[in-house]
Amino acid sequence: MKALLDRARSFKRRVDFESDEYRKLAVGQFPEALFITCSDSRVIPALITGARPGEIFELRNAGNIVPPHDAYGAASGEAATIEYALEVLGVQDIVVCGHSHCGAMGALKYGADLSGLPRVDAWLDYARPALEPVLGDATGSESTGRDGTSNDGAGRDSASSEDPSLREVVQLNIRNQLAVLRDYPVARQQLDAGRLRLHGWYYEIDTGQVHELDADGDFQVHGS
(Lines give C-alpha, C1' and ligand atoms only; values in the text may rest on other atoms or scores of the structure.)
Protein backbone atom coordinates (compact mmCIF):
# COMPACT_ATOMS: atom_id res chain seq x y z
CA MET A 1 0.00 0.00 0.00
CA LYS A 2 2.88 2.37 0.72
CA ALA A 3 4.00 2.34 -2.93
CA LEU A 4 0.46 3.14 -4.09
CA LEU A 5 0.19 5.96 -1.57
CA ASP A 6 3.55 7.41 -2.55
CA ARG A 7 2.58 7.43 -6.23
CA ALA A 8 -0.77 9.04 -5.43
CA ARG A 9 0.95 11.79 -3.45
CA SER A 10 3.38 12.48 -6.27
CA PHE A 11 0.79 12.23 -9.07
CA LYS A 12 0.32 15.97 -9.41
CA ARG A 13 4.07 16.43 -9.82
CA ARG A 14 4.34 13.67 -12.41
CA VAL A 15 1.52 14.93 -14.64
CA ASP A 16 1.24 18.27 -16.39
CA PHE A 17 -2.13 19.47 -15.13
CA GLU A 18 -1.53 22.81 -16.80
CA SER A 19 -1.87 21.21 -20.23
CA ASP A 20 -4.99 21.68 -22.36
CA GLU A 21 -5.74 17.95 -22.09
CA TYR A 22 -6.43 18.13 -18.38
CA ARG A 23 -8.07 21.56 -18.49
CA LYS A 24 -10.64 20.17 -20.93
CA LEU A 25 -11.50 17.37 -18.50
CA ALA A 26 -12.84 19.95 -16.07
CA VAL A 27 -15.43 21.01 -18.65
CA GLY A 28 -17.00 17.56 -18.85
CA GLN A 29 -16.52 14.00 -20.03
CA PHE A 30 -17.17 12.79 -23.56
CA PRO A 31 -16.15 9.11 -23.60
CA GLU A 32 -16.18 7.13 -26.82
CA ALA A 33 -17.25 3.85 -25.26
CA LEU A 34 -18.68 2.13 -22.21
CA PHE A 35 -16.24 -0.60 -21.18
CA ILE A 36 -17.83 -3.41 -19.13
CA THR A 37 -15.26 -5.75 -17.65
CA CYS A 38 -14.27 -7.75 -14.60
CA SER A 39 -13.04 -6.28 -11.32
CA ASP A 40 -9.92 -8.44 -11.63
CA SER A 41 -6.85 -6.34 -10.78
CA ARG A 42 -4.97 -7.76 -13.77
CA VAL A 43 -7.43 -6.28 -16.26
CA ILE A 44 -6.77 -2.57 -16.82
CA PRO A 45 -8.97 -1.10 -19.57
CA ALA A 46 -6.90 2.04 -20.12
CA LEU A 47 -3.73 -0.04 -20.40
CA ILE A 48 -5.29 -2.50 -22.86
CA THR A 49 -6.83 0.19 -25.08
CA GLY A 50 -4.27 2.94 -24.61
CA ALA A 51 -7.15 5.23 -23.63
CA ARG A 52 -6.44 8.69 -22.32
CA PRO A 53 -8.43 10.23 -19.44
CA GLY A 54 -12.00 10.86 -20.54
CA GLU A 55 -12.02 8.37 -23.43
CA ILE A 56 -13.73 5.35 -21.82
CA PHE A 57 -16.51 5.06 -19.24
CA GLU A 58 -15.97 1.97 -17.09
CA LEU A 59 -18.30 -0.53 -15.46
CA ARG A 60 -16.57 -3.25 -13.47
CA ASN A 61 -17.82 -6.14 -11.38
CA ALA A 62 -17.05 -9.79 -10.70
CA GLY A 63 -17.36 -11.68 -13.97
CA ASN A 64 -18.33 -8.68 -16.15
CA ILE A 65 -21.98 -9.53 -15.57
CA VAL A 66 -24.92 -7.43 -16.77
CA PRO A 67 -27.96 -8.13 -14.56
CA PRO A 68 -31.24 -8.51 -16.48
CA HIS A 69 -33.24 -5.35 -17.00
CA ASP A 70 -35.83 -4.92 -14.27
CA ALA A 71 -39.15 -3.73 -15.69
CA TYR A 72 -40.12 -2.52 -12.22
CA GLY A 73 -37.20 -0.13 -12.09
CA ALA A 74 -35.20 -1.73 -9.29
CA ALA A 75 -31.94 0.16 -8.87
CA SER A 76 -28.52 -1.35 -9.51
CA GLY A 77 -25.14 0.16 -10.19
CA GLU A 78 -24.96 -1.68 -13.50
CA ALA A 79 -28.35 -0.48 -14.76
CA ALA A 80 -27.61 3.08 -13.65
CA THR A 81 -24.24 3.11 -15.38
CA ILE A 82 -25.64 1.75 -18.64
CA GLU A 83 -28.50 4.23 -18.57
CA TYR A 84 -26.21 7.18 -17.86
CA ALA A 85 -23.70 6.14 -20.52
CA LEU A 86 -26.36 5.95 -23.22
CA GLU A 87 -28.80 8.67 -22.22
CA VAL A 88 -26.45 11.33 -20.89
CA LEU A 89 -22.98 10.65 -22.27
CA GLY A 90 -24.24 9.40 -25.61
CA VAL A 91 -21.68 6.63 -26.02
CA GLN A 92 -22.05 4.80 -29.32
CA ASP A 93 -20.02 1.71 -28.49
CA ILE A 94 -20.22 -0.76 -25.60
CA VAL A 95 -17.51 -3.35 -25.02
CA VAL A 96 -18.08 -6.42 -22.84
CA CYS A 97 -14.61 -7.73 -22.05
CA GLY A 98 -14.04 -11.05 -20.34
CA HIS A 99 -10.59 -12.44 -19.62
CA SER A 100 -8.53 -15.55 -19.17
CA HIS A 101 -7.89 -16.99 -15.70
CA CYS A 102 -11.16 -15.48 -14.45
CA GLY A 103 -11.90 -16.40 -10.84
CA ALA A 104 -15.64 -15.75 -11.13
CA MET A 105 -16.06 -17.96 -14.18
CA GLY A 106 -13.66 -20.51 -12.71
CA ALA A 107 -15.86 -20.78 -9.63
CA LEU A 108 -18.80 -21.65 -11.86
CA LYS A 109 -16.87 -23.99 -14.12
CA TYR A 110 -15.32 -26.04 -11.34
CA GLY A 111 -18.24 -25.94 -8.93
CA ALA A 112 -16.34 -24.09 -6.22
CA ASP A 113 -17.80 -24.22 -2.72
CA LEU A 114 -19.12 -20.68 -2.23
CA SER A 115 -21.00 -21.35 0.99
CA GLY A 116 -18.64 -18.97 2.77
CA LEU A 117 -19.23 -16.30 0.11
CA PRO A 118 -23.04 -16.13 -0.09
CA ARG A 119 -23.15 -12.75 -1.84
CA VAL A 120 -20.64 -13.87 -4.45
CA ASP A 121 -22.73 -16.99 -4.98
CA ALA A 122 -25.92 -14.93 -5.35
CA TRP A 123 -24.21 -12.55 -7.77
CA LEU A 124 -23.01 -15.41 -9.98
CA ASP A 125 -26.59 -16.67 -10.17
CA TYR A 126 -27.13 -13.97 -12.79
CA ALA A 127 -24.72 -15.79 -15.10
CA ARG A 128 -25.04 -19.41 -13.99
CA PRO A 129 -28.24 -20.57 -15.79
CA ALA A 130 -27.17 -19.46 -19.27
CA LEU A 131 -23.76 -21.12 -18.76
CA GLU A 132 -25.14 -24.51 -17.72
CA PRO A 133 -24.47 -26.10 -21.16
CA VAL A 134 -20.71 -25.64 -20.72
CA LEU A 135 -20.39 -26.11 -16.97
CA GLY A 136 -20.59 -29.89 -17.23
CA ASP A 137 -20.86 -31.96 -14.09
CA ALA A 138 -18.87 -29.71 -11.77
CA THR A 139 -19.07 -31.05 -8.25
CA GLY A 140 -16.61 -28.90 -6.40
CA SER A 141 -14.18 -31.77 -5.96
CA GLU A 142 -11.62 -30.09 -8.19
CA SER A 143 -9.84 -27.26 -6.44
CA THR A 144 -9.27 -23.96 -8.12
CA GLY A 145 -6.76 -21.21 -7.65
CA ARG A 146 -7.68 -17.63 -6.87
CA ASP A 147 -7.14 -16.80 -10.54
CA GLY A 148 -9.70 -19.35 -11.72
CA THR A 149 -7.21 -21.92 -13.00
CA SER A 150 -7.69 -25.55 -12.19
CA ASN A 151 -5.38 -27.26 -9.72
CA ASP A 152 -6.22 -30.77 -10.83
CA GLY A 153 -2.78 -32.28 -10.41
CA ALA A 154 -2.40 -32.77 -14.15
CA GLY A 155 0.74 -30.69 -14.29
CA ARG A 156 -0.66 -27.50 -15.80
CA ASP A 157 1.17 -24.34 -14.87
CA SER A 158 -1.69 -22.36 -13.29
CA ALA A 159 0.33 -19.18 -13.42
CA SER A 160 0.28 -19.11 -17.22
CA SER A 161 -1.82 -21.90 -18.73
CA GLU A 162 -5.58 -21.92 -18.78
CA ASP A 163 -7.95 -24.85 -18.99
CA PRO A 164 -9.47 -24.61 -22.51
CA SER A 165 -12.86 -25.41 -21.03
CA LEU A 166 -12.62 -22.30 -18.85
CA ARG A 167 -12.00 -20.21 -21.95
CA GLU A 168 -15.20 -21.66 -23.39
CA VAL A 169 -17.12 -20.59 -20.29
CA VAL A 170 -15.68 -17.06 -20.31
CA GLN A 171 -16.39 -16.57 -24.00
CA LEU A 172 -19.96 -17.87 -23.71
CA ASN A 173 -20.46 -15.52 -20.78
CA ILE A 174 -19.39 -12.59 -22.96
CA ARG A 175 -21.96 -13.57 -25.59
CA ASN A 176 -24.62 -13.98 -22.92
CA GLN A 177 -23.99 -10.57 -21.37
CA LEU A 178 -24.23 -8.93 -24.79
CA ALA A 179 -27.60 -10.63 -25.21
CA VAL A 180 -28.74 -9.28 -21.84
CA LEU A 181 -27.60 -5.80 -22.85
CA ARG A 182 -29.75 -5.97 -25.97
CA ASP A 183 -32.79 -6.47 -23.75
CA TYR A 184 -32.28 -3.13 -22.00
CA PRO A 185 -34.88 -0.78 -23.52
CA VAL A 186 -32.41 2.10 -23.67
CA ALA A 187 -29.88 -0.08 -25.53
CA ARG A 188 -32.46 -1.66 -27.81
CA GLN A 189 -33.73 1.76 -28.82
CA GLN A 190 -30.23 2.93 -29.74
CA LEU A 191 -29.45 -0.32 -31.56
CA ASP A 192 -32.65 -0.12 -33.61
CA ALA A 193 -31.78 3.46 -34.54
CA GLY A 194 -28.28 2.45 -35.63
CA ARG A 195 -26.66 4.63 -32.98
CA LEU A 196 -25.08 1.88 -30.89
CA ARG A 197 -22.58 -0.89 -31.57
CA LEU A 198 -21.88 -3.78 -29.21
CA HIS A 199 -18.50 -5.51 -29.00
CA GLY A 200 -17.35 -8.69 -27.28
CA TRP A 201 -13.69 -9.03 -26.30
CA TYR A 202 -11.74 -11.85 -24.70
CA TYR A 203 -8.47 -10.67 -23.15
CA GLU A 204 -5.58 -13.04 -22.37
CA ILE A 205 -3.85 -11.67 -19.29
CA ASP A 206 -0.65 -13.66 -19.84
CA THR A 207 -0.15 -12.75 -23.52
CA GLY A 208 -1.94 -9.40 -23.88
CA GLN A 209 -3.86 -10.78 -26.85
CA VAL A 210 -7.38 -9.45 -27.48
CA HIS A 211 -9.84 -11.72 -29.26
CA GLU A 212 -12.79 -9.91 -30.84
CA LEU A 213 -16.23 -11.45 -31.32
CA ASP A 214 -17.11 -11.48 -35.02
CA ALA A 215 -20.44 -11.52 -36.82
CA ASP A 216 -20.40 -15.35 -36.89
CA GLY A 217 -20.13 -15.54 -33.10
CA ASP A 218 -16.47 -16.58 -33.07
CA PHE A 219 -13.59 -14.88 -31.29
CA GLN A 220 -10.78 -13.81 -33.61
CA VAL A 221 -7.44 -12.07 -33.17
CA HIS A 222 -7.00 -9.19 -35.60
CA GLY A 223 -3.69 -7.73 -36.64
CA SER A 224 -2.78 -4.21 -35.51
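Any value given below was found using the heavy atoms of this structure, including those in side chains, with hydrogens, waters and symmetry copies removed.
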Going by heavy atoms in the side chains, are Leu135 and Arg128 under 4.5 Å from each other? yes

ILVMFWY cluster, Leu47 and Phe35 together (side-chain gap under 4.5 Å): no

Taking atom CD1 of Ile82 and atom CD of Glu87, what is their separation to the nearest 0.5 Å? 12.0 Å

Do Arg195 and Gln92 get their side chains close enough for a donor-acceptor pair, meaning under 3.5 Å? no

Candidate pair Ile36 and Thr81, rule side-chain contact (heavy atoms from CB on, under 4.5 Å), full reasoning: CA-CA 10 Å; Ile36 301 174; Thr81 300; over 6 Å; no

Step by step, would you call Leu213 with His199 a side-chain contact (heavy atoms from CB on, under 4.5 Å)? CA-CA 7 Å; Leu213 185 64; His199 311 266; over 6 Å; no

Going through the distances and angles, do Asp206 and Ser100 end up as a side-chain contact (heavy atoms from CB on, under 4.5 Å)? CA-CA 8 Å; Asp206 54 326; Ser100 67; 4.0 Å; yes

Rounded to the nearest 0.5 Å, what separation is found between the CD1 atom of Ile94 and the CG atom of Leu198? 5.5 Å

Mind checking whether His211 and Tyr202 have ring centres under 6.0 Å apart? yes

In terms of heavy-atom contacts, Pro53 and Glu21 come closest through CD-OE2, 3.7 Å

Mark yes when over 12 heavy atoms from residues, nucleotides or ligands other than Arg14 sit less than 6.0 Å from its CZ; otherwise mark no. yes

Inter-residue atom distance Leu59.CG - Cys97.SG, 0.5 Å rounding: 12.5 Å

For a 4.5 angstrom cut-off between non-hydrogen side-chain atoms, does Pro31 reach Ile56? no

Ring-plane angle category for Tyr84 and Phe57, please: parallel below 30°, perpendicular beyond 60°, tilted otherwise. tilted

Do Tyr184 and Leu86 touch side chain to side chain, with heavy atoms closer than 4.5 Å? no

Closest approach of Asn173 to Ala127 (non-hydrogen atoms, all atoms of both residues): OD1-CB, 3.7 Å

Do Val170 and His99 touch side chain to side chain, with heavy atoms closer than 4.5 Å? no

Rounded at 0.5 Å granularity, tell me how far CE in Met105 sits from CG in Leu131. 6.0 Å

Is it true that Arg188 and Asp192 make a salt bridge, defined as a side-chain N closer than 4.0 Å to a carboxylate O? no

Given Leu196 and Asp93, is the side-chain contact (heavy atoms from CB on, under 4.5 Å) satisfied, shown in steps? CA-CA 6 Å; Leu196 178 64; Asp93 292 272; 5.8 Å; no

Is the shortest distance from a Lys or Arg side-chain nitrogen in Asp16 or Arg23 to a carboxylate oxygen in the other one below 4.0 Å? no

Do the side chains of Arg175 and Phe219 get nearer than 4.5 Å, heavy atoms only? yes

Val66 side chain near Tyr126 side chain, heavy-atom distance below 4.5 Å: no

Output, in order, the C-alpha distance, side-chain angles, deciding distance and verdict of side-chain hydrogen bond (donor to acceptor under 3.5 Å, both in side chains) for Glu78 and Asn61. CA-CA 9 Å; Glu78 289 76 19; Asn61 60 44; 3.1 Å; yes

Roughly how far, to the nearest 0.5 Å, is CD of Glu212 from NE2 of His222? 4.5 Å

Residues Glu168, Lys109: salt bridge by 4.0 Å N-O rule: no

Would you say the side-chain atoms of Gln189 pair up with the backbone N or O of Val186, donor to acceptor, closer than 3.5 Å? no

Other hydrophobic cluster members with Val27, side-chain heavy atoms of Ile/Leu/Val/Met/Phe/Trp/Tyr under 4.5 Å, chained? none

Euclidean distance, Glu132 CD relative to Leu172 CG, rounded to 0.5 Å: 11.0 Å

Using a 3.5 Å distance criterion without hydrogens, assess whether the side chain of Arg60 forms a donor-acceptor pair with backbone atoms of Cys38. yes

Residue pair Asp125 / Pro129: nearest heavy atoms and the distance that separates them: O-CD, 3.0 Å

Heavy-atom side-chain contact between Ile65 and Leu124 under 4.5 Å: yes

Can you name the closest pair of heavy atoms from Pro68 and Val180 and give their distance? CA-CG1, 3.8 Å

Do Glu58 and Pro45 touch side chain to side chain, with heavy atoms closer than 4.5 Å? yes

Measure from the side-chain N and O atoms of Asp216 to the backbone N and O of Asp218, and report whether any donor-acceptor pair falls under 3.5 Å. no

Ignoring hydrogens and geometry, is there a side-chain-to-backbone donor-acceptor pair from Ser10 to Arg13 under 3.5 Å? no

Tell me which one of Thr49, Val96, Ile174 satisfies side chain to side chain contact (heavy atoms under 4.5 Å, CB included) with Trp201. Thr49

Closest non-hydrogen atom pair, Arg42 against Tyr203: O-CE2, 4.1 Å

Describe, in one word, how the ring planes of Phe17 and Phe11 are oriented to each other, choosing from parallel (under 30°), tilted (30 to 60°) and perpendicular (over 60°). perpendicular

